[in-house]
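See structure below.
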Amino acid sequence: MKAYGDIPKEHLELIKELEDLEAIFNTYEDTFAPELAAKGLTAMSHDYYAMDMEEQGDRLINRAEGIFPGYFMKKIHEHTQKDKEYDKVVNQMSAMPFSYQIMTKLGFKPQ
């Protein structure tokens with residue numbers, strides 16, 4: 001991914017981490033359960049949205065939905081009930097206009 005303009009050093013470091021995580025995911029994608037892959041991609045998208053990189057966040061959200069169709073309708077709620085840290089991530093995403101918009105388009109309803 002090419003970055004343009006002034007980007008804080010912390011963001012550049014996080015982008016590198018996210019790119020490395022996604023590269024690992026790409027290599028081992030077939031070894032992950034689809035619902036866990038969708039959860040991981042959704043969590044990664046949160047960081048992109050938090051850095052105002054909506055295009056990258058949307059890309060990961062759409063990828064999550066492609067891997068586990070319907071993830072944002074039901075399974076995401078099962079994951080948030082079992083994982084309090086992930087629940088915080090999803091709640092934060094619900095407060096971000098761009099992530100909330102795409103998640104609701106995919107069937108997400110806050111609980």
Side-chain angles (χ1 to χ4, degrees):
M1 181 188 76
K2 291 190 177 201
Y4 301 95
D6 293 333
I7 299 176
K9 183 181 180 204
E10 312 82 53
H11 287 192
L12 291 173
E13 291 170 358
L14 182 53
I15 291 166
K16 173 75 171 109
E17 285 180 38
L18 291 168
E19 289 173 341
D20 290 347
L21 276 174
E22 191 170 3
I24 292 167
F25 177 78
N26 292 340
T27 301
Y28 299 103
E29 180 176 354
D30 294 340
T31 66
F32 293 102
E35 65 271 11
L36 295 180
K39 178 182 178 184
L41 291 167
T42 301
M44 289 170 57
S45 76
H46 166 274
D47 292 338
Y48 281 120
Y49 287 115
M51 293 185 289
D52 295 322
M53 298 179 72
E54 293 84 15
E55 299 85 6
Q56 293 298 320
D58 288 354
R59 181 180 60 77
L60 292 180
I61 290 283
N62 284 319
R63 188 169 180 193
E65 181 67 16
I67 289 171
F68 194 89
Y71 179 75
F72 294 94
M73 286 188 231
K74 182 177 179 186
K75 197 64 166 178
I76 193 171
H77 296 297
E78 292 175 20
H79 285 160
T80 57
Q81 289 173 353
K82 293 178 184 176
D83 182 340
K84 292 304 169 197
E85 288 300 313
Y86 187 64
D87 184 52
K88 289 178 188 175
V89 166
V90 172
N91 283 331
Q92 288 173 357
M93 290 177 72
S94 294
M96 297 176 195
F98 290 106
S99 57
Y100 184 72
Q101 181 180 24
I102 193 167
M103 287 175 17
T104 54
K105 179 181 168 193
L106 296 170
F108 179 79
K109 291 183 173 87
Q111 293 196 348

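Of the possible donor and acceptor atoms, none in the side chain of Q56 sits under 3.5 Å from a partner among the backbone N and O of S45. For the pair Y49 (side chain) and D58 (backbone), a donor-acceptor distance under 3.5 Å is present.
Screening residues 26-41 for side chain to side chain donor-acceptor pair (under 3.5 Å) gives N26-R63, E29-R63, K39-D83 as the qualifying pairs, with residues at least two apart or on separate chains. Applying the side chain to side chain donor-acceptor pair (under 3.5 Å) definition to pairs two or more places apart or across chains, those involving residues 92-111 are H46-Q92.
Note that NE2 of H79 is 5.5 Å distant from CG of L36, once rounded to the nearest 0.5 Å. In this structure, E19 CD and L14 CG are separated by 10.0 Å, a value rounded to the nearest 0.5 Å. In this structure, CG in N62 is found 11.0 Å from CD1 in I67, a value given to the nearest 0.5 Å.
Salt bridge status for E78 with K75: present, with a side-chain N to carboxylate O gap under 4.0 Å. The existence of a salt bridge linking R59 and E55 is excluded, since no basic side-chain nitrogen approaches an acidic carboxylate oxygen closer than 4.0 Å.
Between Y48 and G57 the shortest heavy-atom distance is CB-N, 3.7 Å.
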Before you tell me yes or no, could you show the steps for M93 and I76 under side-chain contact (heavy atoms from CB on, under 4.5 Å), namely the whole-Å CA-CA distance, both residues' side-chain angles and the distance that decides it to 0.1 Å? CA-CA 12 Å; M93 290 177 72; I76 193 171; over 6 Å; no
Verify side-chain contact (heavy atoms from CB on, under 4.5 Å) between T42 and F72, making sure each step is shown before the conclusion. CA-CA 10 Å; T42 301; F72 294 94; 3.4 Å; yes
So I102 and E54, side-chain contact (heavy atoms from CB on, under 4.5 Å) or not? Walk me through it. CA-CA 10 Å; I102 193 167; E54 293 84 15; over 6 Å; no
Please assess Y71 against L106 for the test side-chain contact (heavy atoms from CB on, under 4.5 Å), listing each intermediate value before the final yes or no. CA-CA 8 Å; Y71 179 75; L106 296 170; over 6 Å; no
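More than 12 heavy atoms of other shown residues, nucleotides or ligands fall within 6.0 angstrom of atom CZ in F25. At most 12 non-hydrogen atoms from other residues, nucleotides or ligands lie less than 6.0 angstrom from NZ of K9.
Note: the hydrophobic cluster containing Y86 also contains M103 (ILVMFWY, side chain heavy atoms under 4.5 Å, direct or indirect links).
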